[in-house]
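Whatever order the structure lists them in is the order used to number ligands and atoms, beginning at 1.
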Amino acid sequence: MYTTHIFTSTDSTNKIAFNLAQDGAEHGTAVIAEMQLKGRGRLDRSWHSPAKTGLYCSVIIRPKIRSEDYPKITLVAGLSVSQALDSSCGIQSSVKWPNDIYINGRKLGGILTESSPLSGGISCPFAVVGIGVNINNSKEDFAPEIAKKATSVFIETGGENDIEEVFQAIRAELLKDIEFFEQKGFSEILVRWRKKDMLQGKLVRWMSQNGEVICGKSEGPDLDGRLVVKDEAGVHHQIITGDVLLCL
Ligand code: BTN
């Protein structure tokens, strides 16, 4: 049985989970909140976290993997969240490199993984996998700037779901997939990931933080978790971070 810390409101479940992990909390321990006041997203963005509509949780993991494999945890978690949502909510979601869950061209959820320092002989390294999923939101619940890009399980299916049940399904799947990753390696994760990859073979556009733009066909993540994009000249680019958009 794994421990779950439940909050009606907090600033960020990732922050609480990180502190718990530093204090020695076990693998599988989770923090879940009904709302967040300072929900955090990737690339220093915020994560809008209104009360009782979405799932906001963070799971502490202490994987038996090499420190250089920690960046792959986000991809593993994306797969777990997508699969758990499909089976518990009866949908068919996809993963979008590196950390998004999509359905019908709109964002359903995202993952923010934060790790303890991994070098310098840290004896008990950990990662906090923060998961945000729009579950029972109606269209009006989204801020105007994200309303066109976001969706929820409710909008897609017309049915409401029990957020805590969805959380339990996601944690169980995540811990199972982390074990799978430890035992079979990242190549086997990739085999499963590619079946859910919404960018596979599609024309995409990527912009680096210094303004460089690359357009090309997505060939999916490589064995290091980087997204491979082949441009029109046939040159392969390995993308480490940033936003990748579909060219529609
Ligand atoms: C993203 O798509 O940018 C990632 C969003 C991650 C949001 C979740 S909500 C629970 C956890 N706590 C946070 O502050 N962020 C993550």
**Q.** Glu232, CD atom: more than 12 neighbouring heavy atoms under 6.0 Å
**A.** no
**Q.** Derivation and outcome, salt bridge (Lys or Arg N to Asp or Glu O under 4.0 Å), residues Arg40 and Glu114
**A.** CA-CA 11 Å; Arg40 309 199 290 235; Glu114 296 178 295; 2.9 Å; yes
Q: Would you mind listing which atoms of ligand 1 come within a distance below 4.0 Å of any non-hydrogen atom of Asn99?
A: 1 (C), 2 (O), 3 (O), 4 (C)
**Q.** Worked check of salt bridge (Lys or Arg N to Asp or Glu O under 4.0 Å) between Lys196 and Asp86
**A.** CA-CA 11 Å; Lys196 284 187 146 281; Asp86 290 2; 2.6 Å; yes
(Q) Checking a contact table here: which protein heavy atom is nearest atom 5 (C) of ligand 1, and how many Å away? (A) Trp47 CE3, 3.4 Å
Q.
Looking at Asp243 and Arg45, is there a salt bridge between them, counting it only when a charged N and a carboxylate O are closer than 4.0 Å?
A. yes
Q: Measure from atom 14 (O) of ligand 1 to every heavy atom in His48, Lys38, Arg40 and give the option owning the shortest one.
A: Arg40
Q. Going by the atom numbers of ligand 1, which of them fall below 4.0 Å from some non-hydrogen atom of Asp100?
A. 2 (O)
**Q.** Lys15 contact mode with ligand 1 (heavy-atom cut-off under 4.0 Å)
**A.** neither
Q.
Looking only at side-chain N and O atoms, does Thr29 offer a donor or acceptor that is under 3.5 Å from a partner on Thr3?
A. no
(Q) Does any N or O of ligand 1 fall below 3.5 Å from an N or O anywhere on Lys107, backbone included? (A) yes
Q: Write out the residue and atom name of the closest protein heavy atom to atom 9 (S) of ligand 1, then the distance separating them to 0.1 Å.
A: Gln36 NE2, 3.3 Å
Q) Are Val129 and Trp47 co-members of a hydrophobic cluster defined by side-chain heavy atoms under 4.5 Å apart? A) no
Q. With atoms numbered from 1 as shown, which atoms in ligand 1 lie under 4.0 angstrom from a non-hydrogen atom of Thr13?
A. 10 (C), 11 (C), 12 (N)
Q. Is there a donor in the side chain of Gln238 and an acceptor in the side chain of Asp222, or the other way round, less than 3.5 Å apart?
A. no
Q. Against heavy atoms of Gly39, which atoms of ligand 1 measure under 4.0 Å?
A. 14 (O)
Q. Which ligand 1 atoms does Cys57 reach within 4.0 Å, using its non-hydrogen atoms?
A. 10 (C), 11 (C)
Q: State the atoms of ligand 1, each with its element, that fall below the 4.0 Å cut-off from a heavy-atom position in Arg42.
A: 1 (C), 3 (O), 4 (C)
**Q.** Where ligand 1 meets Ile111 - atom numbers and elements under 4.0 angstrom, heavy-atom basis
**A.** 4 (C)
Q. Should Leu20 and Ile60 count as side-chain neighbours, where that means a heavy-atom distance under 4.5 Å?
A. yes
